[in-house]
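First the structure, in the form of structure tokens, and then the observations on it.
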Amino acid sequence: MDGDFDMPPAGEMNEDFEMPGESPIMKVGEEKEIGKQGLKKKLVKEGDGWDTPDNGDEVEVHYTGTLLDGTQFDSSRDRGTPFTFTLGQGQVIKGWDEGIKTMKKKENAIFTIPPDLAYGESGSPPTIPPNATLQFDVELLSWTSVKDICKDGGIFKKILAEGEKWENPKDPDEVFVKFEAKLEDGTLVAKSDGVDFTVKEGYFCPALAKAVKTMKKGEKVLLTVKPQYGFGEKGKPASSGEGAVPPNATLQITLELESWKTVTEVTDDKKVIKKILKEGDGYERPNEGAIVQLKLIGKLQDGTIFLKKGHDDDETLFEFKTDEEQVIEGLDRVVMTMKKGEAAWVTIAPEYAFGSSESQQDLAVVPPNSNVSYEVELVSFVKEKESWDMNTEEKIEAAGKKKEEGNALYKAGKYAKASKRYEKAAKYIEYDSSFSEEEKKQAKALKLSCNLNDAACKLKLKEYKQAEKLCTKVLELESKNVKALYRRAQAYINMGDLDLAEFDIKKALEIDPDNRDVKLEYKTLKGKMKEYNKREAKIYGNMFAKLN
């Protein structure tokens, strides 16, 4: 659209490609203007890293202030004590708030600050005259991050100790924290040396759940909590082990996130839930067709153990091949989300477990419609060979094998699983530029049959658009393929594209006039077209009647 995402004219672009509000890219000895009010910064010494402080952060600096003629009027260095203030809160002159936001830790810079960003027309008698331009030699020693985590002034978070890595807990996760809550006068109202809770459900007051979602493992913070995220207008009466919180009280809460267990919804309907008990190694996970080895304990809701493998010295590990229906679907899907060495607690609803039938397991019977749970540890796995690790002969062989697996599943009425097998078979031979002429012929025949069979699956699954695309792929390879025309016509009929369906059926009958299936489909199509024409006639008839 015109006017959207316009680039500024070349003359207006900064040669260093700075973004608005970011620290300017500077070399030692270089001076640049910050903003458009005359504030200048000269870099004396580079800082560490890339981070710069933000509004609300508590910064610690050393500085020396002089007039333009060199007259010194103030110096924290002479006093031997760094100066600390909160950035962006108007505690210092505006030039400081604007300039120090551009500095990195340990950076040293000289700021030239015009009167409008300093003490203005009044000055600061007796040391600073009216309308004085000032220079400050500033070193940013450190800062403590203070964030308005809800962006409404309700919870301010000051980091006391940095955490590890980069992940934060999510709503379903279970966290383990230490905390201490006080009133503004220092009165202790609650304390815990360790408590577990689910983030979504929260604990003590709403602020704890809000805060932990912004924290890393091992992070320790001081929260300033306004009443809306504490106990509001009513406050909280004293209870066993906890003091009273008066109405409209602001709380000071020290909070430390010791650890958490990641909880994942493996299926979209939330009927297979995985809670990680021990993190795994690396990044790789089993793929479809991988051979996995597990330590496994299966339990009913009442705690009855119905399966136990790999937990005794004389017992072998539990082994199966993924995506082959060798275990219940929920366990199959969970294992493919795990890393080597990962341990997890899994809960599985009947739809993904043993369903409505009774099932005799090793150590007990699983009753119909049972929710089950497993303690799973993925000891090892061997991934099924991927196509990029195969030579051309292996790719054709693997495609043929997957096609046969798909055929067996289709005959069993398992259309979604069959479709996945056909898709995988086609991927093995998708790129055939390195194939010999004979191999290209074999690959083409496999592509045709896999895409046609996959289209048949999609029709059964009522995924008509996908069926149409697969048939089109076949027709691009073989324009007179009757099955592709026939199945594409079926897809068009179900999508309401009757004219396109008629075109495909007529073309199929030109190629194979005696094809019984195509003739029957043509009869169905004619019936649909007749119904459609009747409806159209009725609509227009009513329209003209109203007009008359």
Side-chain angles (χ1 to χ4, degrees), residues 47-60 84-89 101 103-106 140-184 186 188-226 228-230 242 250-264 275-281 283 339 342 344:
D48 300 335
W50 295 98
D51 285 342
T52 56
D54 202 355
N55 287 340
D57 292 352
E58 292 179 4
V59 298
E60 184 180 55
T84 302
F85 69 98
T86 302
L87 195 60
Q89 303 298 307
K101 277 198 290 189
M103 298 181 75
K104 299 166 189 158
K105 189 177 180 182
K106 304 295 182 187
L140 178 56
L141 302 175
S142 65
W143 74 85
T144 302
S145 180
V146 180
K147 302 293 181 189
D148 178 1
I149 61 176
C150 295
K151 307 298 183 191
D152 59 2
I155 306 173
F156 284 97
K157 183 183 88 168
K158 176 180 177 180
I159 297 175
L160 304 178
E162 293 287 343
E164 304 168 15
K165 299 185 180 177
W166 54 270
E167 301 100 332
N168 308 118
K170 305 292 187 293
D171 277 337
D173 295 346
E174 290 182 9
V175 295
F176 181 72
V177 303
K178 292 179 181 178
F179 79 96
E180 185 177 89
K182 294 180 179 180
L183 301 178
E184 284 184 294
L188 181 68
V189 293
K191 182 178 180 179
S192 174
D193 289 328
V195 63
D196 288 294
F197 65 91
T198 301
V199 175
K200 190 174 184 178
E201 293 173 3
Y203 187 78
F204 183 63
C205 70
L208 262 62
K210 296 278 186 188
V212 293
K213 286 166 74 172
T214 72
M215 295 172 70
K216 302 169 189 169
K217 183 182 176 183
E219 187 175 317
K220 188 175 181 180
V221 301
L222 175 64
L223 305 175
T224 301
V225 181
K226 298 296 182 184
Q228 66 264 37
Y229 294 105
E242 292 185 354
T250 294
L251 298 172
Q252 296 287 326
I253 301 177
T254 304
L255 177 65
E256 185 173 358
L257 178 57
E258 293 269 300
S259 62
W260 78 85
K261 296 181 177 77
T262 302
V263 178
T264 308
K275 177 166 69 176
I276 296 176
L277 305 176
K278 184 183 81 173
E279 291 289 341
D281 303 324
Y283 297 96
K339 303 171 188 173
E342 183 180 319

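Since the structure is predicted, the reported quantities are computational estimates derived from the model, not experimental observations.
Using a 4.0 Å cut-off between charged nitrogen and carboxylate oxygen, K217 and E219 do not count as a salt-bridge pair. Using a cutoff of 4.0 Å between basic side-chain nitrogens and carboxylate oxygens, K216 and E164 are not scored as salt-bridged.
T262 OG1 to I276 CD1: the interatomic distance, rounded to the nearest 0.5 Å, is 4.5 Å. Separating the NZ atom in K182 from the CG atom in L188 is a distance of 6.5 Å, to the nearest 0.5 Å. Here the OH atom belonging to Y229 is positioned 14.5 Å from the OG1 atom belonging to T224, to the nearest 0.5 angstrom. For the atom pair OG1 of T52 and NZ of K105, the computed distance is 14.0 Å after rounding to the nearest 0.5 Å. To the nearest 0.5 Å, atom CG of residue N55 and atom CD of residue Q89 are 7.0 Å apart. Taken to the nearest 0.5 Å, the CG atom of L222 stands 10.0 Å off from the CG atom of L255.
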Starting from the C-alpha separation in whole Å, work towards a yes-or-no answer on salt bridge (charged side-chain N to carboxylate O under 4.0 Å, His left out) for K191 and E180. CA-CA 4 Å; K191 182 178 180 179; E180 185 177 89; 3.8 Å; yes
What's the verdict on side-chain contact (heavy atoms from CB on, under 4.5 Å) for E242 and F204, showing C-alpha distance, side-chain angles and the deciding distance? CA-CA 10 Å; E242 292 185 354; F204 183 63; 3.9 Å; yes
Walk me through it: do E342 and K278 pass the test salt bridge (charged side-chain N to carboxylate O under 4.0 Å, His left out)? CA-CA 5 Å; E342 183 180 319; K278 184 183 81 173; over 6 Å; no
side-chain contact (heavy atoms from CB on, under 4.5 Å) assessment of V221 paired with L160: CA-CA 5 Å; V221 301; L160 304 178; 5.6 Å; no
For the pair D196 and E174, evaluate side-chain contact (heavy atoms from CB on, under 4.5 Å) and give the outcome as yes or no after the intermediate values. CA-CA 7 Å; D196 288 294; E174 290 182 9; 5.7 Å; no
Let me see the working for K213 and D171 under salt bridge (charged side-chain N to carboxylate O under 4.0 Å, His left out), right down to the final yes or no. CA-CA 8 Å; K213 286 166 74 172; D171 277 337; 3.1 Å; yes
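Between F179 and Y203, the ring planes lie perpendicular to each other; the angle is over 60°, past the 30° to 60° tilted range.
At least one donor-acceptor pair closer than 3.5 Å links the side chain of K157 to the backbone N or O of T214. Between the side chain of T198 and the backbone N or O of K200 there is no donor-acceptor pair closer than 3.5 Å. Distance alone, capped at 3.5 Å, places no donor-acceptor pair between the D57 side chain and the L87 backbone. Put simply, the side chain of D148 never gets that close to the backbone of F156: no donor and acceptor are under 3.5 Å apart. Proximity of a side-chain donor or acceptor of K170 to a complementary backbone N or O of N168 within less than 3.5 Å is detected.
Counting all heavy atoms, side chain and backbone alike, L223 lies closest to A207 at CD1-O, 4.4 Å. Counting all heavy atoms, side chain and backbone alike, V212 lies closest to V177 at CG1-CG1, 4.1 Å. What you find for K104 and L140 is that their closest heavy atoms are O-CD2, 3.6 Å. Annotation for G153 and K226: closest pair O-CG, 3.3 Å, computed over non-hydrogen atoms. Smallest separation of non-hydrogen atoms from P53 and V59: CB-CG1, 4.0 Å. The nearest pair of heavy atoms linking C205 to G230 is CB-O, 3.8 Å.
Within a 6.0 Å radius of NZ in K339, more than 12 heavy atoms belonging to other residues, nucleotides or ligands are found. Within 6.0 Å of NZ on K147 lie more than 12 heavy atoms contributed by other residues, nucleotides or ligands.
In this structure, a donor-acceptor pair under 3.5 Å is absent between the side chains of K158 and S145. Using modelled atom types, one finds a donor on one side chain and an acceptor on the other under 3.5 Å when comparing E60 with S142.
Inter-residue side-chain proximity for E167 and W260 is flagged as met; some heavy-atom pair is nearer than 4.5 Å. Between F197 and V175, some side-chain heavy-atom pair lies under the 4.5 Å cut-off. Residues P169 and L257 are in side-chain contact: their nearest non-hydrogen atoms beyond the backbone lie under 4.5 Å apart.
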